[in-house]
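As structure tokens, the structure follows; a few thoughts come after it.
Since we're looking at a predicted model, the values are computed, not measured. Just so it is clear: chains get the letters A, B, ... in the order the sequence lines come, proteins before strands, and each one is counted from 1.
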Number of protein chains: 2
Amino acid sequence: MTRNYNFSAGPSALPEDVLKLAQKELLNWHGLGLSIMEMSHRSPEFVGVAAEAEQDLRDLMQIPDNYKVLFMQGGASSQFSMIPMNLLRGKTTADYINTGDWSKKAIKEAARYCEVNVVADMADNNFTRAPSQEELKLNPEAAYVHYTPNETIRGVEFDYIPDTGDVPLVADMSSNILSRPIDVSRFGMIYAGAQKNIGPAGLTVVIIREDLLGNILPSTPALFDYKVTAGADSMLNTPPTFGWYLAGLVFKWLKAQGGVEAIAEANQRKAEKLYGAIDSNAFYSNPVALNARSWMNVPFVLANADLDKQFLAEAEKSGLLNLPGHRSVGGMRASIYNAVSEAGVDALIDFMQDFSQRHG
Amino acid sequence: MTRNYNFSAGPSALPEDVLKLAQKELLNWHGLGLSIMEMSHRSPEFVGVAAEAEQDLRDLMQIPDNYKVLFMQGGASSQFSMIPMNLLRGKTTADYINTGDWSKKAIKEAARYCEVNVVADMADNNFTRAPSQEELKLNPEAAYVHYTPNETIRGVEFDYIPDTGDVPLVADMSSNILSRPIDVSRFGMIYAGAQKNIGPAGLTVVIIREDLLGNILPSTPALFDYKVTAGADSMLNTPPTFGWYLAGLVFKWLKAQGGVEAIAEANQRKAEKLYGAIDSNAFYSNPVALNARSWMNVPFVLANADLDKQFLAEAEKSGLLNLPGHRSVGGMRASIYNAVSEAGVDALIDFMQDFSQRHG
């Protein structure tokens, strides 16, 4: 069996060891004679799997005790609605930083529930950088400040955590959670769709400070209520059990790699190598400001866009999959999440050099 | 490897052939060198898998062309909110039939969005039967009529489809979808959590008549809007791709069994055998009216409840898993969904007879 290198932006590569273990026990989990996905979510076995996954995530991210960890459904996009529904708490305005497509989606949905104040708009820079702290026109009366620490499509990542004073900071970490250490206590809430660094699509992780729970908008669906969800240990109804289990395996794998600190070193090395290969070769380019280049998503274009198709076709033949850029921007994008090995990045760089020599 | 018989109410048994195929291709789907769950939902390969699953479901249920099929997240419980949000369409009242715990949950959530008119309440009969058509006090001005064709916890199943005239009929078929042929054209909307007869938890199937789309409540989250979801082919954001893929495998498996007609015959045979074993032995009993006994969920109690624990422990030793009744009612429950084989039911009956002879 040949596994190819997979640079998909999401759903994306999972650790091969995790897939192998899941494969091995798919029909018979721990000798019980049934699959983990055939088991009641309220069985002691699954409740144990679920609790262990939460604890491992808490360990990995050093999540303080006054934060709840929720395992939800609906993807980060459902959070775009849940955030105002839960976090306005009697206020009527929220601050949003716009650094790209995902910020814009969050803003559009929030605007249906409150007045959205865009406190920095990187559209002015064609989304090629993050705003500095000084550029943020924060409103001290805002219910919360929302931002997207890493924009998957254009590969723009903040190199700092915004200081929002007493106003809770809310971060869509879908595409960079667990990629490097962060100080969770700086945030009111962190959320992430699983399908990049956590597990398969269909699971969403929410980390929220306890004092922010409660006081929802009256029209909030029961399953969108963080407090109710927390009170039911994320099992108000049947959760996506297989995804939760797989996320747990990914957390164990990450611990075995040395945790977030070790994976951050690897991620930095992978990213620096790849940006180095792009910057040192006139055949390729990346437009993002140096201090905002994402460790996770590396978009690049060819000097001659006529060669795009050939580049992608030859890459695929070389076992380098899913390199097209997002349909809204074109070009190429290599997503190099935690599960994409350094060997994969090396193979991509070798291919890029070879391709440019043959066509440059 | 030994697979046990699994009578879990949900998440529940999946066809072994489906699990084996999923296991085989878990790391390398169709020779592409990556897992189906590592693939973009917008890749032609996954879009093909998704479309084929929909078509197979359409074939199996003979879904008319004027119905949309949606693959959503959040479970049937999220539908409890989505239904009033989408289907009130300017009206302020809806009819609900109460036949048990799941009906009650649907009613409780709907009551947050509209006036709920309970048109038949089986609480009066301790939820041991379904109401007759004549008992339904339907309101011709209701936006819709909601009911639960099969109540998983107490094993109460309608043996007819209520006639609601021009008022759209909405059915929570989570626990009996695909168990027997039904006339979809009698319904405005059918929905089902996947984790009984469709696939793993985390996927919800919605079948809705096109003319009911649109005109949502203003506070409806974008992802709760059926029309928007339908317009995006259920890919407004990343869907639960692995669950969708597995559902597709289950649909193919069901076709290979001879479709819904053939599985219905098997289901009827399994249910009649098991109820026969209960009714013919004073050691066991089931309180549900004969015409409302579920083909899918068969609760029963022992004449001597002191033996419950021993019954369950010995059953588990005999490879008969997950037979405790729901925590709200106690006793036993055998859920015998499509994927539970006749051999499994036979093994359970043999065990029940043996146990009663030893303890009767």
Taking the side chain as everything from C-beta on, heavy atoms only, tell me whether [X] gets closer than 4.5 Å to [Y].
{"X": "B:Thr241", "Y": "A:Pro200", "result": "no"}
{"X": "B:Phe242", "Y": "A:Pro240", "result": "no"}
{"X": "A:Arg3", "Y": "B:Glu38", "result": "yes"}
{"X": "A:Ser40", "Y": "B:Asn322", "result": "no"}
{"X": "B:Arg42", "Y": "A:Arg327", "result": "yes"}

ask   = Got a second to check how far B:Ser78's OG is from A:Leu223's CG, nearest 0.5 Å?
value = 4.0 Å
key: Interatomic distance, A:Leu34 atom CG to B:Leu19 atom CG [nearest 0.5 angstrom]   = 9.5 Å
Could you have a look at [options] and say which one has the most heavy-atom pairs with chain B under 4.5 angstrom?
{"options": "A:Met85, A:Lys108, A:Glu109, A:Lys105", "answer": "A:Glu109"}
{"options": "A:Ala194, A:Gly243, A:Gly33, A:Gly202", "answer": "A:Gly33"}
{"options": "A:Leu26, A:Leu217, A:Leu32", "answer": "A:Leu26"}

Checking heavy atoms, do the side chain of [X], its backbone, both or neither come under 4.5 Å from chain A?
{"X": "B:Ala22", "result": "both"}
{"X": "B:Met82", "result": "neither"}
{"X": "B:Ser12", "result": "backbone"}
{"X": "B:Tyr5", "result": "neither"}
{"X": "B:Pro218", "result": "backbone"}
{"X": "B:Met39", "result": "backbone"}

request  = Determine yes or no for a side-chain-to-main-chain donor-acceptor pair under 3.5 angstrom, with A:Arg112 supplying the side chain and B:Ser219 the backbone.
outcome  = no
ask   = Do the side chain of A:Gln73 and the main chain of B:Gln73 share a donor and acceptor less than 3.5 angstrom apart?
value = no
query = Shortest non-hydrogen contact from A:Gly74 to B:Asn237?
reply = O-ND2, 3.0 Å
note = Tightest non-hydrogen contact, residues A:Pro239 and B:Ala201, listed as O-CB, 3.2 Å
message = At a 4.5 Å cut-off on heavy atoms, which part of A:Phe46 comes close to chain B: side chain, backbone, both, or neither?
response = neither
ask   = Out of B:Leu246, B:Thr220, B:Leu321, which one racks up the most heavy-atom pairs below 4.5 Å with chain A?
value = B:Thr220
inquiry  = Surrounding NZ of A:Lys227 (heavy atoms of other residues, nucleotides or ligands, distance under 6.0 Å), is the total greater than 12?
reply    = no
